[in-house]
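Convention: sequence-line order gives letters A, B, ...; per-chain numbering from 1.
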2 protein chains.
Amino acid sequence: MENSTKLLKEFNLKVTPQRVAIVDELYHKGHLNIDELYAIMLSKFPSISLATIYKNVNSMVEKFFISEVKIPSEKSVYELIKEEHSHLVCEECKKIEDIVIDTSSVLDELKSQSKFNIKHTNVIFTGVCSECSK
Amino acid sequence: MENSTKLLKEFNLKVTPQRVAIVDELYHKGHLNIDELYAIMLSKFPSISLATIYKNVNSMVEKFFISEVKIPSEKSVYELIKEEHSHLVCEECKKIEDIVIDTSSVLDELKSQSKFNIKHTNVIFTGVCSECSK
DNA sequence: CTGACTGCAAACGTTTTGCACGGTA
DNA sequence: TACCGTGCAAAACGTTTGCAGTCAG
């Protein structure tokens with residue numbers, strides 16, 4: 001069985017062709033906003049409704065299968081949930097890169113300053129990628 | 001002259017009572033979303049329009065006088081721009097705390113992994129504050 | 001005095017909802 | 001078969017715009 005189908009079942013989401021396609025795209029593209037997702041889906045399902053995109057994205061977010069990434073000055077994108085990671089966003093070409101960094105030193109420093117019990121560390125770096133800075 | 005008035009002039013924004021009040025509130029409360037700001041402003045200017053809030057917030061953002069903070073699963077809040085800092089957000093009471101942490105080790109690690117030329121580092125920690133974890 | 005700001009109402013874009021139909025389990 | 005998902009249209013929501021009157025510089 002294909003990967004996307006298996007994943008949907010694991011998250012107790014009914015397997016429909018539309019959902020499989022959404023998961024496939026997020027898997028291959030990494031990050032997509034609603035408009036990009038709709039455009040891609042339209043090419044595969046000419047009569048798909050935007051409402052279907054929203055409904056599916058929302059149910060996948062609720063089941064913690066995908067997550068919304070809120071980027072400063074940009075539209076939110078969605079990605080499959082995996083190991084905690086940070087994002088690098090190019091201000092010019094808008095490319096988004098995932099990066100796994102060790103945040104333990106920052107968390108240690110934080111612990112000494114605040115009594116918060118931290119659950120998640122959300123880091124977004126913005127700047128210019130190597131292609132755009134040429 | 002009061003602080004807010006002076007600040008508005010420094011950022012080339014005309015000084016109106018509505019703007020002074022917005023800056024005063026952001027200064028005292030630290031972070032406010034649009035609805036909170038509107039509610040507070042309504043109590044001071046009963047006939048103020050939501051459009052006025054939006055117009056002022058947008059012009060202040062454009063002049064880099066205030067900035068939008070996008071928080072996972074929450075409404076965006078606005079704050080006066082100051083030294084770069086991170087945010088701690090309590091998932092339960094929604095309180096937001098500012099914290100200045102040294103991100104140089106993370107930036108160094110990043111530099112060794114990616115060719116991005118980083119301009120800004122945006123860090124949001126989510127968790128439970130000390131009052132709520134009692 | 002002039003241009004910018006305000007408040008109002010309308011417009012706009014985005015997201016959600018209700019419903020009839022069709023597909024999945 | 002029973003329920004859930006889909007597509008469509010309408011509704012709801014948040015934000016922006018245009019305009020006439022007012023105010024700051």
Side-chain angles (χ1 to χ4, degrees), chain A residues 1-2 4-25 32-63 65-78, chain B residues 1-2 4-25 32-63 65-78:
Chain A
M1 191 190 317
E2 347 142 26
S4 299
T5 300
K6 204 168 77 184
L7 279 170
L8 283 167
K9 290 193 175 168
E10 280 173 22
F11 284 87
N12 291 309
L13 289 158
K14 262 191 186 173
V15 177
T16 66
Q18 292 89 339
R19 285 180 177 170
V20 170
I22 289 175
V23 178
D24 281 349
E25 286 307 319
L32 292 169
N33 66 37
I34 292 288
D35 297 338
E36 292 164 342
L37 200 48
Y38 183 43
I40 292 169
M41 294 296 287
L42 263 182
S43 70
K44 298 186 173 182
F45 303 87
S47 67
I48 198 172
S49 162
L50 229 199
T52 299
I53 308 287
Y54 277 108
K55 285 170 186 168
N56 281 330
V57 164
N58 288 342
S59 56
M60 290 178 191
V61 167
E62 279 159 25
K63 301 243 176 178
F65 179 31
I66 70 176
S67 68
E68 181 184 357
V69 183
K70 292 188 175 185
I71 302 169
S73 314
E74 304 290 339
K75 288 184 185 167
S76 287
V77 296
Y78 293 86
Chain B
M1 189 192 315
E2 349 142 26
S4 300
T5 300
K6 203 168 79 184
L7 279 169
L8 283 166
K9 290 192 175 168
E10 280 173 24
F11 283 86
N12 291 309
L13 289 158
K14 262 191 187 173
V15 178
T16 66
Q18 292 87 341
R19 283 180 178 171
V20 170
I22 289 175
V23 178
D24 280 350
E25 287 307 320
L32 292 169
N33 66 37
I34 291 288
D35 296 339
E36 291 165 341
L37 200 48
Y38 183 44
I40 292 170
M41 293 297 285
L42 264 183
S43 69
K44 297 186 175 182
F45 303 87
S47 66
I48 199 172
S49 162
L50 228 199
T52 299
I53 308 286
Y54 278 108
K55 286 170 185 169
N56 282 330
V57 163
N58 288 341
S59 57
M60 291 179 190
V61 168
E62 279 158 25
K63 301 242 176 180
F65 178 31
I66 69 175
S67 68
E68 182 185 359
V69 183
K70 292 188 175 185
I71 302 169
S73 315
E74 302 291 338
K75 287 184 185 167
S76 287
V77 296
Y78 294 86

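Annotation: side chain of B:Met60 is in contact with side chain of B:Val23 (closest heavy-atom distance under 4.5 Å). Under the 4.5 Å side-chain criterion, counting only non-hydrogen atoms from C-beta, B:Leu50 is in contact with B:Ile34. Here the side chains of A:Val15 and A:Lys9 are in contact, with some heavy-atom distance below 4.5 Å. Between A:Leu37 and A:Tyr78, the closest side-chain pair of non-hydrogen atoms is not below 4.5 Å. Side-chain contact check for B:Met41 versus B:Thr52: every heavy-atom pair is 4.5 Å or farther apart.
Contacts between residues 40-49 of chain B and DNA chain C, defined by a heavy-atom separation under 4.0 Å, are made by B:Ser47, B:Ile48, B:Ser49.
Nucleotide D:dG14 holds its P atom 15 Å from the CD atom of B:Glu68, rounded to whole Å. Note: CD1 (A:Ile53) to C1' (C:dT16) measures 15 Å, nearest angstrom. In this structure, B:Lys75 atom NZ and D:dG14 atom P are separated by 6 Å, rounded to whole Å. Distance, B:Asn33 CG to D:dG14 P: 11 Å, rounded to whole Å. Note: CE (B:Met60) to C1' (C:dA4) measures 14 Å, nearest angstrom. Atom CG in A:Leu50 sits about 14 Å away from atom P in C:dG13, given to the nearest Å. Atom OH of A:Tyr38 and atom P of C:dT16 are 15 Å apart (whole Å). Note: CG (A:Asn12) to C1' (D:dG5) measures 16 Å, nearest angstrom.
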Response to the item:
Quick tally for nucleotides 18-25 of chain C: nucleotides whose base has a protein heavy atom under 4.0 Å get B, sugar-phosphate-only ones S, the rest -, giving B----BBS

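In this structure, A:Gln18 reaches the D:dG7 phosphate: one of its side-chain N or O atoms is under 4.0 Å from OP1 or OP2. A sub-4.0 Å separation between OP1 or OP2 of D:dT16 and a side-chain N or O of B:Asn58 is present.
In this structure, the separation between CD on B:Glu74 and NZ on A:Lys70 is 7.5 Å, given to the nearest 0.5 Å.
Of all heavy-atom pairs spanning B:Phe11 and B:Lys63, the tightest one is O-CD, 3.2 Å. In this structure, A:Val77 and A:Asn33 approach most closely via the heavy-atom pair CG1-N, 4.0 Å.
A side chain to side chain donor-acceptor pair (under 3.5 Å) check over residues 34-45 of chain B, counting only residues at least two apart or in different chains, returns the pairs B:Glu25-B:Lys44, B:Asp35-B:Lys75.
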